[in-house]
Colleague: 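I'd like to ask some things about the structure below.
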There are 2 protein chains.
Amino acid sequence: MSLIHRLDTSSPQFHASLHTLLAFDASQDESIERATADILKQVRAQGDAALLDYTRRFDRVQADTVAALEIDRSEWLTALDGLPAEQRASLETAAERVRSYHERQRAETWTYTEPDGTMLGQKITPLDRVGLYVPGGKAAYPSSVLMNAVPAKVAGVPEVIMVTPTPDGVRNPIVLAAAAISGVDRIWGIGGAQAVAALAYGTQTITPVDKIVGPGNAYVAAAKRRVYGTVGIDMIAGPSEILILGDGSTPADWIAMDLFSQAEHDELAQAILLSPSAAYLDEVEAAIARLLPTMPRADIIRASLAGRGALIQVKDMDEACAIANDIAPEHLEISTEHPQQWADKIRHAGAIFLGRYSSEALGDYCAGPNHVLPTSRTARFSSPLGVYDFQKRSSLIQVSQEGAQVLGRVAANLAYGEGLQAHAASAEYRLTPTDTLT
Amino acid sequence: MSLIHRLDTSSPQFHASLHTLLAFDASQDESIERATADILKQVRAQGDAALLDYTRRFDRVQADTVAALEIDRSEWLTALDGLPAEQRASLETAAERVRSYHERQRAETWTYTEPDGTMLGQKITPLDRVGLYVPGGKAAYPSSVLMNAVPAKVAGVPEVIMVTPTPDGVRNPIVLAAAAISGVDRIWGIGGAQAVAALAYGTQTITPVDKIVGPGNAYVAAAKRRVYGTVGIDMIAGPSEILILGDGSTPADWIAMDLFSQAEHDELAQAILLSPSAAYLDEVEAAIARLLPTMPRADIIRASLAGRGALIQVKDMDEACAIANDIAPEHLEISTEHPQQWADKIRHAGAIFLGRYSSEALGDYCAGPNHVLPTSRTARFSSPLGVYDFQKRSSLIQVSQEGAQVLGRVAANLAYGEGLQAHAASAEYRLTPTDTLT
C-alpha cells in the first residue's frame with residue numbers, strides 16, 4: 001500500500017477515484033441500535049434505578065443514589081487549582097478568545113411597526129437547559145468542553161448540565177477544570193446511552209434538558225439520534241476531514257504536519273492536499289515520508305493517509321476551488337499567497353483557514369471560532385456549532401385594528417381558496433369596522 | 001363525550017389531566033417505514049426508471065421520460081393569469097408581506113481584525129439547491145408554497161426545485177400560480193417518497209438538492225427522516241396547536257372561531273384556551289356550541305375539540321404564562337388588554353399573536369412571519385422556518401505571523417495535554433520567529 005494516494009484531475013478516472021476516496025459507510029450497526037433502544041426504554045421507564053444499574057454495569061461505579069453521582073463544584077475548583085500554571089493560562093486564553101468570537105454571534109430581538117400600527121418582529125430567547133456530553137477515558141478533550149459550553153453560556157442558557165462517564169470512578173481533572181472555566185453549571189458522572197436518556201427524559205433526580213450536544217461513541221450517537229425530537233441535538237459527526245489548497249508557497253513540512261494533525265485523530269479521518277504543482281506534491285510526499293516515523297501516533301496517521309488521504313494535482317487554483325466546493329470539507333486551509341481571492345470562490349466549508357500561519361490546529365484550540373464543524377459534505381447545508389444553536393426565535397405579530405381591515409380580507413380570501421372556512425371567519429370577525437369594544 | 005374538556009389548575013388532578021391531553025403518540029408505522037426504505041433504495045439504485053415506475057403505480061401518470069414530468073413555466077404563468085383577480089391580488093399581497101418580513105432575517109458576512117493583524121469572521125452563503133415538497137390533492141395549500149419558497153429566495157438560493165404529485169395527471173393551478181409568484185425555479189410533477197429520493201440522491205435527469213423542506217404525508221415524512229444527513233431537512237411537523245391566553249376582553253365568538261381555525265386542520269389538532277375567568281370560559285363554551293353547527297368542517301372540529309381541546313381555568317395571568325412556557329405551543333394568542341406585559345413572560349412559543357386583532361389566521365396567510373412553526377413542544381429548542389434555514393455559515397480564520405506566535409504556544413500547550421502531538425507540531429512550526437519565507 002502506498003503512503004498516500006496520488007491523483008490527477010487530468011486523468012479520465014479522476015472523478016471515479018475521488019468518489020471512491022470520499023465514500024464513507026455511515027450505516028448503523030444493528031446490535032448497537034438494539035442495545036441503545038433498550039437502554040433508552042429502561043431509563044425512561046425506571047429513571048434513577050436504571051441509571052444506577054447501567055452505571056454499575058458499564059462504568060463499574062457503585063452508587064446508592066443518583067445524587068451520589070454528581071461531581072461537586074468544589075472538585076472542579078480543586079482540579080483547576082491543581083493544573084500546571086501554563087496549562088491553566090492556555091485554557092483560560094482559549095476560553096476567553098472563544099467567548100469573544102462567539103459574542104458576535106448573539107442574536108437580538110427585533111421589531112418594526114408599520115404605518116397602520118401593526119407591529120411585527122422576532123423574539124430571541126435562550127434555551128432553558130442544555131446537556132453537554134463529554135466522553136471519558138482517553139478521548140476526553142478539555143477543548144471540546146470549551147467549544148460546547150461557552151457558546152451555550154454566551155447565548156444565555158441558564159443551566160448547562162455536563163455528563164461524563166467515570167469508568168472505575170476515575171475522573172479527568174483537566175476536563176473538570178475546563179468545565180469550571182467555561183461556566184458549566186452541574187456535572188454528573190454518568191455516560192453512555194443511559195446518560196443521554198437521563199438528559200432527554202429526566203429521572204427522579206435529573207431534570208430533563210432541551211438540547212443535547214457534544215461528541216460520543218457509537219452508543220451515544222445512536223441514543224442522540226433516537227431522542228431527537230424530544231430534545232434538540234447537534235449534528236452527529238462523521239470522521240474529521242481537512243482539505244488543503246496549496247500553491248507551493250508554504251513550506252512542505254508545514255503542510256505535511258497539517259495533514260498529520262487531521263490524520264492522527266483516527267484511521268477514518270481524511271486529509272487531502274490539492275495543488276497545481278507536481279513538484280510541490282512530490283515535496284510534501286517526501287516530507288510525509290520523512291516526518292511520519294517521528295510521530296507518536298504514526299500508526300493511526302499511516303492508516304489514515306494510506307486509506308483515505310490524497311495528494312491531488314489540479315489544473316489551476318480555480319479548479320482546486322471547484323473541487324473544494326464539491327467536497328464541502330469540514331476544514332479548508334487555503335495555504336497560498338493572497339488567500340482571500342480563493343476564499344471568495346468558496347461556497348461550502350465548515351471553517352476556512354487563510355494563509356500559511358493559519359494552521360487548523362490553531363482553530364481547533366484557540367483562534368476563537370468553534371471547532372465543532374459539519375463533516376461528510378454537510379457543510380453544503382449546515383454550519384459550525386454556534387450561539388445560534390442555543391437561542392431560538394419566536395415570531396411576534398400584533399395587528400392593529402386598522403391593519404386587520406386589510407390583512408383580514410387577504411387572509412379570508414386565501415382561506416376560502418384552501419377550503420378552510422374557520423380560518424376565513426376568524427379573519428373576518430376582525431373586520432368589524434364599528435367595534436364597540438375597542 | 002363533552003364538547004371540549006374543562007380543566008382547573010386548582011384541581012389536584014390538573015397536571016395529570018394536562019399531561020394526558022398533551023400526550024401525542026409520534027411512534028412510526030412499521031409498514032410505512034419498510035415501504036419507504038424500499039422506495040428510497042430503488043430510486044437511489046435505478047434513478048429515472050424507478051421514479052417513472054412509482055409515478056405510474058402511485059399517481060397513475062404514464063410518462064416515458066422524467067423530462068416529460070416537468071411542469072413547464074408557461075403552464076404556471078397560464079395558471080397565474082387564470083386566477084380570479086381578487087385571489088391573485090391576495091396571493092401577491094401575501095407574498096410581498098412575507099418577503100418584506102423575511103428580508104430582515106438575512107444574515108451578512110462579518111469579519112474583525114485584531115491588533116496583531118489576525119482576522120476572524122463568519123462567511124454567509126446560501127444553499128446551492130433546495131427541494132420544496134408540495135402535497136397534491138385536497139391538502140394542496142398555495143400559502144405553503146409561499147412560506148417555503150420565499151425565505152429560500154430571500155436567502156439567495158439560486159435553484160428552488162418544487163415537486164408535487166399530480167394524481168391522475170391533475171395539476172393544481174393555484175399551487176402553480178403560487179410557485180410563479182414566489183420565485184420557484186423548476187417544478188416536477190412527482191410526489192411521495194420517490195420524489196424525496198430523487199431530490200436527495202439525484203437521478204439521471206434530476207440534479208440532487210442540498211435541503212428538502214415542505215409538508216407531506218406519512219411516507220414523505222418517513223423519507224425525509226431517512227435522507228437527513230445526505231441532505232438537510234426542515235422539522236417533521238406534528239399536529240398543529242393553538243394556545244390562547246384570554247382575560248375576557250376579546251368577544252367570546254372570536255375566541256371560539258380562533259379555536260375552530262386550529263381544530264379544522266385535522267382531528268389531532270390541539271386548541272386550548274386559558275383564562276382566569278370561569279364566566280368567560282362558560283361564554284366561550286356557549287359560543288362553541290352555538291357556532292359549531294355552522295361550520296363546513298364541523299365534524300373535524302368536533303373531533304379535535306372533544307379529543308384534544310380544553311378550556312382551562314387558571315389562578316391568574318401569571319399562571320397562564322407559566323403553563324404556556326411549559327406547553328411551548330406552536331401558536332400562542334395573547335388575546336388580552338396590554339398583551340405586551342404577558343408576551344414579555346413567554347420564553348417558548350413558535351409565534352406569539354398579541355391583542356384581539358391578531359388572530360392566528362392572519363399569521364397563517366399574510367401578516368409576514370412564517371407559518372411553518374415548531375410543534376409538539378419543540379419550540380423549547382427550535383424556531384420558525386426562516387431565511388436562516390437557507391443560509392449557512394463558514395468560519396474565517398486568518399492568523400497573522402505575529403498572532404501565530406501567541407496562538408501557536410497556546411494551541412501546542414493544549415494539544416500536548418490532549419496527546420495530539422501532530423496538532424502541537426503544526427502549531428509550533430508557525431512559531432519560527434525568523435521565517436525567511438515571509
Side-chain angles (χ1 to χ4, degrees), chain A residues 86-87 90 93 101 120 125 127 141 143 174 210-211 232 254 257-258 260-261 264 295-296 347 349 351-355 357-359 361-363 365-369 380-384 392-399 401 404 407 410-411 413-414 417-418 421-423 425-427 429-430, chain B residues 86-87 90 93-94 101 120 125 127 141 143 210-211 232 254 257-258 260-261 264 295-296 347 349 351-355 357-359 361-363 365-369 380-384 392-399 401 404 407 410-411 413-414 417-418 421-423 425-427 429-430:
Chain A
E86 202 179 5
Q87 191 168 34
S90 293
T93 301
Y101 177 86
L120 299 173
T125 40
L127 277 62
Y141 292 151
S143 59
I174 315 188
D210 301 302
K211 186 166 192 166
W254 298 18
M257 197 56 73
D258 292 358
F260 289 0
S261 77
E264 76 175 340
M295 303 311 301
R347 299 194 311 283
I352 305 173
F353 296 79
L354 294 91
Y357 289 102
S358 308
S359 80
L362 304 185
Y365 290 107
C366 58
R380 291 176 296 123
F381 54 83
S382 51
S383 300
K392 68 262 178 350
R393 309 165 179 89
S394 303
S395 306
L396 294 173
I397 301 169
Q398 181 160 24
V399 180
Q401 183 170 10
L407 297 185
V410 171
N413 223 320
L414 294 172
E418 295 185 352
Q421 293 88 352
H423 283 68
S426 161
Y429 275 156
R430 272 72 181 187
Chain B
E86 202 179 5
Q87 193 169 32
S90 293
T93 301
Y101 177 86
L120 300 172
T125 40
L127 276 62
Y141 293 149
S143 59
D210 302 301
K211 186 166 191 165
W254 298 19
M257 197 56 72
D258 293 357
F260 289 0
S261 76
E264 75 174 339
M295 301 312 300
R347 298 194 312 282
I352 305 173
F353 297 79
L354 295 92
Y357 288 103
S358 308
S359 80
L362 305 185
Y365 289 107
C366 58
R380 291 175 296 124
F381 55 83
S382 51
S383 300
K392 70 268 181 341
R393 307 165 180 90
S394 303
S395 306
L396 294 173
I397 301 169
Q398 181 161 23
V399 179
Q401 184 172 7
L407 298 184
V410 171
N413 223 322
L414 294 172
E418 295 185 352
Q421 293 89 352
H423 283 68
S426 161
Y429 274 155
R430 272 70 182 187

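Each chain gets a letter, A, B and so on, in the order the sequences are listed, and its residues count up from 1. This is a predicted model, so every value here is computed, not measured.
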Colleague: Specify the closest pair of heavy atoms between B:K392 and A:R380, including all atoms of both residues, with the distance to one decimal.
Modeller: CE-O, 3.2 Å
Colleague: Between A:G355, A:A349, A:G417, who has the most heavy-atom pairs with chain B when the cutoff is under 4.5 Å?
Modeller: A:A349
Colleague: Can you say whether A:L362 sits under 4.5 Å from chain B via the side chain, the backbone, both, or neither, judging by heavy atoms?
Modeller: both
Colleague: Which pair of heavy atoms, one from B:I397 and one from A:G363, lies closest together, and at what distance?
Modeller: CD1-CA, 4.2 Å
Colleague: Which residue out of B:A367, B:A404, B:A411, B:G368 racks up the most heavy-atom pairs below 4.5 Å with chain A?
Modeller: B:A411
Colleague: What part of B:S382 gets within 4.5 angstrom of chain A, counting heavy atoms only: side chain, backbone, both, or neither?
Modeller: backbone
Colleague: Which answer fits A:T125, side chain, backbone, both or neither, if we ask what part of it has an atom under 4.5 Å from a heavy atom of chain B?
Modeller: side chain
Colleague: Flag the one option from B:S359, B:A351, B:P369 with the top tally of heavy-atom pairs under 4.5 Å to chain A.
Modeller: B:S359
Colleague: If I compare all heavy atoms of B:W254 with all of A:Y429, which pair ends up nearest, and what's the gap?
Modeller: CZ2-O, 3.4 Å
Colleague: For chain A, find which of B:K211, B:E86, B:R393, B:M257 contributes the most heavy-atom pairs closer than 4.5 angstrom.
Modeller: B:R393
Colleague: What heavy-atom pair brings B:M295 and A:Q421 nearest, and what distance separates the two atoms?
Modeller: CE-C, 4.0 Å
Colleague: Please report the shortest heavy-atom distance between B:V399 and A:Y357, naming the atom on each side.
Modeller: O-CB, 3.3 Å
Colleague: In terms of ring plane angle, is the pair A:Y365 and B:H423 parallel, tilted or perpendicular, where the classes change at 30° and 60°?
Modeller: perpendicular
Colleague: Using atom types as modelled and distance alone, determine if a side-chain donor or acceptor of B:S394 lies under 3.5 Å from a backbone N or O of A:I352.
Modeller: no
Colleague: Do A:L414 and B:S143 have side chains that approach each other closer than 4.5 Å (heavy atoms only, starting at C-beta)?
Modeller: no
Colleague: Starting at CZ of A:R430, measure out to OG of B:S358 and round the result to the nearest 0.5 Å.
Modeller: 8.0 Å
Colleague: Test your reading of the model: is there a side-chain donor-acceptor pair from B:E264 to the backbone of A:A422, 3.5 Å cut-off?
Modeller: yes
Colleague: Where is the tightest heavy-atom contact between B:F381 and A:D210, given as atom of each residue plus distance?
Modeller: CD2-O, 3.1 Å
